[in-house]
Amino acid sequence: MTRAVRIAHLYPRDLNVYGDLGNVITLVKRLEWRGFRAEILPVEPGQVFDFSSVDLVFGGGGQNSAQSSTAEDLLARGDELRKISADGVPMLLICGSYQLFGREFLDVTGRRFPGLGIFRSSTTAGRHRMIGNLVVDSPFGQLVGFENHSGRTILEDGQEALGTVRQGFGNNGGTGDEGAIVGNTIGTYLHGPALPKNPGLADHLLLCALRRYGIEELEPLDDKLAQRAATVAAARPQGHQTALHPRRRPLHRFAAALRGL
Ligand code: GLN
């Protein structure tokens, strides 16, 4: 394959928390280590962008504020993204972007953000954040990462999950599922970044992209370091829930209390 593999990176400025950029770097390096070239195409709000020649799409996570600043722009690109998703272009959406690829995201103020509806799922922000190490049993093996979200994602009947939670909260801390898969489009709460410690998932996405050019297999890489990192991550303690806005003493009252000591 002479042409570079074209990776569209959705809103790299706004949706990029907890090292999510590391996912794009992992995809690029795993292509280059095999002799392929890669081209990263940032998609920013308001920018004219043609998805028709894109080989892979990545979207990271972000705070509610970042989601609200990108949700409208993403919606405007919905027809193109739904088409290429249905055509089998691989996509990986993390947390905030995962939520916006579902039917809707209700933020903690009750504001509703319509989603792309690629995943038959809906997300509602809760009063507590689900934070910590996440371990998931999936078709791509055991996946490990870090989660930090208040959104509780509920999958509709028949919507396939990425996997089942072995440790952590996953989609909502209750139904035991994590993420969602439609064709080659994958959503997940795995931050970390996810792909450096989950080479099987990274190569699955790359193979989905390369198969469109008749490339049916990838040369194996030495993933010993990645496996060791995954083993360490999987052994880390369970996560926890924290109240969204714990009652904090205003600073001046805290200072007065100190003066009173
Ligand atoms: N703001 C969303 C939530 O808290 C997504 C957070 C994220 O992308 N880490 O659920």
Side-chain angles (χ1 to χ4, degrees), residues 9-24 42-45 57-75 81 91-116 118-119 121-136 143-155 159 161-162 165 167-175 177-180 185-198 201 233 236 238-246:
H9 185 176
L10 300 176
Y11 315 115
R13 243 198 351 255
D14 299 286
L15 294 181
N16 176 21
V17 289
Y18 305 114
D20 288 341
L21 177 62
N23 293 295
V24 176
V43 182
E44 297 296 358
V57 176
F58 174 76
Q63 284 75 18
N64 291 6
S65 54
Q67 280 176 287
S68 57
S69 64
T70 53
E72 194 176 332
D73 186 86
L74 182 68
L75 215 51
L81 286 165
M91 302 188 181
L92 178 65
L93 295 318
I94 310 282
C95 203
S97 50
Y98 164 35
Q99 294 170 345
L100 293 175
F101 269 59
R103 290 201 194 285
E104 63 177 14
F105 169 59
L106 266 70
D107 76 5
V108 72
T109 66
R111 187 175 161 200
R112 179 181 175 277
F113 297 96
L116 302 190
I118 291 177
F119 299 124
S121 62
S122 296
T123 302
T124 304
R127 300 299 305 163
H128 290 78
R129 299 197 69 79
M130 293 170 276
I131 300 173
N133 299 297
L134 177 56
V135 182
V136 180
L143 303 175
V144 296
F146 177 81
E147 64 183 322
N148 179 341
H149 54 106
S150 69
R152 281 144 175 78
T153 297
I154 301 293
L155 304 185
Q159 168 56 62
L162 169 59
V165 175
Q167 172 185 302
F169 299 98
N171 277 331
N172 51 58
T175 50
D177 53 29
E178 153 55 16
T185 298
I186 296 174
T188 179
Y189 278 111
L190 286 164
H191 285 291
L195 295 184
K197 295 192 286 286
N198 300 296
L201 180 57
R236 284 198 179 131
Q238 161 94 3
H240 58 283
Q241 290 204 45
T242 56
L244 263 186
H245 304 290

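In listed order, ligands and their atoms are each counted from 1.
Remark: Glu72 CD is loosely packed, at most 12 non-hydrogen atoms of other residues, nucleotides or ligands lying under 6.0 Å away.
Gly151 N, 2.8 Å is the protein heavy atom nearest to atom 10 (O) of ligand 1. Scanning the protein for heavy atoms near atom 3 (C) of ligand 1, the closest one is Ser150 N, 3.4 Å. Atom 7 (C) of ligand 1 has Cys95 SG, 2.9 Å as its closest protein atom, hydrogens excluded (heavy atom only).
Among the atoms of Ile94, none of the N or O lies under 3.5 angstrom from an N or O of ligand 1. Residue Phe105 has no N or O atom closer than 3.5 Å to an N or O atom of ligand 1.
Residue contacts with ligand 1 include Gly62, since one or more of its heavy atoms lies under 4.0 Å from the ligand.
No hydrogens or angles considered: nothing links the side chains of Ser97 and Tyr11 as a donor-acceptor pair under 3.5 Å. In summary, the side chains of Thr188 and Glu178 do present a donor paired with an acceptor at a separation below 3.5 Å, with no hydrogens or angles considered.
Of all heavy-atom pairs spanning Phe119 and Gly187, the tightest one is CZ-N, 3.3 Å. Contact detail for Leu100 and Leu74: the closest heavy-atom pair is CB-CD2, 3.6 Å.
Checking each of Ile94, Val24, Asn23 against Pro193 for a side-chain contact (heavy atoms from CB on, under 4.5 Å) leaves exactly one that passes, namely Asn23.
Using a 4.0 Å cut-off between heavy atoms, Asn148 contacts ligand 1 through its backbone alone, with no side-chain atom that close.
Ligand 1 places these atoms under 4.0 Å from at least one heavy atom of Asn64: 1 (N), 2 (C), 3 (C), 4 (O). Close approach of ligand 1 to Gly61 is summarised as follows: ligand atoms under 4.0 Å from at least one heavy atom of the residue are 8 (O).
Residues that satisfy the side-chain contact (heavy atoms from CB on, under 4.5 Å) test with Val43, not counting sequence neighbours, are Ala8, Leu10, Phe49, Phe51, Arg77.
Distances from atom 2 (C) of ligand 1 to the heavy atoms of His191, His149, Gln63, Gln67 put Gln67 nearest.
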